Amino acid sequence: MDKTKGHSGAGMAGFATILGLLALLFLAMQSDVGRSVGFLGGQYAYSFFWLALAAVVAGVVLKVRAPAPWASFGTGLIIGGTFGVVLLIAFFVLLAYALSNLSVP
């Protein structure tokens, strides 16, 4: 197969897949779905990070080893996973900033 031909639909599907999974994980945290099995806020944060990182790794593997449509899907996974990691880093930077400017009487 030709690896140079663009498959924007497959790339969009990869991005939407990881974005959907990250959104479902965030919604599960908001509605406290995992409380019955012992999930607390920290476990959701770890899960979010590892899911985003796994998407980047899987995307790189698909980009390097798979034929054309799957390589584009891998590109979408890379972009979506990177977006998830950046969101998580931004959240922790914002949290650190808020806590550093907190005035306690």
Side-chain angles (χ1 to χ4, degrees):
M1 286 194 174
D2 185 18
K3 282 199 166 239
T4 60
K5 185 178 178 187
H7 294 275
S8 62
M12 212 42 164
F15 180 76
T17 299
I18 191 59
L19 195 63
L21 287 173
L22 291 172
L24 282 175
L25 187 59
F26 178 75
L27 290 174
M29 183 193 72
Q30 290 295 337
S31 52
D32 210 11
V33 171
R35 171 74 61 178
S36 63
V37 293
F39 255 50
L40 300 174
Q43 283 90 6
Y44 286 109
Y46 285 133
S47 299
F48 193 92
F49 172 75
W50 287 115
L51 180 61
L53 190 64
V56 171
V57 170
V60 168
V61 169
L62 283 174
K63 186 81 176 151
V64 171
R65 303 289 295 167
W70 288 105
S72 292
F73 187 83
T75 301
L77 285 179
I78 292 169
I79 294 170
T82 303
F83 181 69
V85 170
V86 168
L87 278 178
L88 196 60
I89 291 170
F91 171 75
F92 281 115
V93 167
L94 183 64
L95 182 66
Y97 177 76
L99 289 176
S100 69
N101 290 323
L102 182 68
S103 82
V104 178

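Values in this document were obtained by computation on a predicted structure and should not be read as measured data. Heads up: numbering here begins at 1 and tracks the sequence.
- Under the 4.5 Å side-chain heavy-atom criterion for Ile, Leu, Val, Met, Phe, Trp and Tyr, L77 and L88 are members of the same hydrophobic cluster.
- Separation of atoms OG1 (T82) and CD1 (I18) is listed at 10.5 Å; rounding is to 0.5 Å.
- One hydrophobic cluster, built from ILVMFWY side chains closer than 4.5 Å, cannot hold both L87 and L94; they sit in different ones.
- For A10 against P69, the heavy-atom pair with the smallest separation is CB-O, 3.3 Å.
- Residues Y46 and L51 are members of one and the same hydrophobic cluster, defined by side-chain heavy-atom contacts under 4.5 angstrom among Ile, Leu, Val, Met, Phe, Trp and Tyr.
- Heavy atoms only, all atoms of each residue included: G81 and A55 are closest at CA-CB, 4.1 Å.
- A distance of 13.0 Å separates CG in D32 from CG in L27, rounded to the nearest 0.5 Å.
- Atom CG of L21 and atom CZ of F48 lie 10.5 Å apart (nearest 0.5 Å).
- Criterion: ILVMFWY side-chain heavy atoms under 4.5 Å apart, direct or through other members. Under it, F26 and V86 are not part of a common hydrophobic cluster.
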For the pair F73 and W70, evaluate side chain to side chain contact (heavy atoms under 4.5 Å, CB included) and give the outcome as yes or no after the intermediate values. CA-CA 5 Å; F73 187 83; W70 288 105; 4.1 Å; yes
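- Closest approach of G80 to L22, counting heavy atoms only: O-CD1, 4.2 Å.
- Following chains of ILVMFWY side-chain contacts shorter than 4.5 Å, one can reach F91 starting from F49, so the two form part of one hydrophobic cluster.
- L24 CG to L19 CG: the interatomic distance, rounded to the nearest 0.5 Å, is 10.0 Å.
- Using cut-offs of 30° and 60° for the angle between ring planes, the F39 and Y44 rings count as perpendicular.
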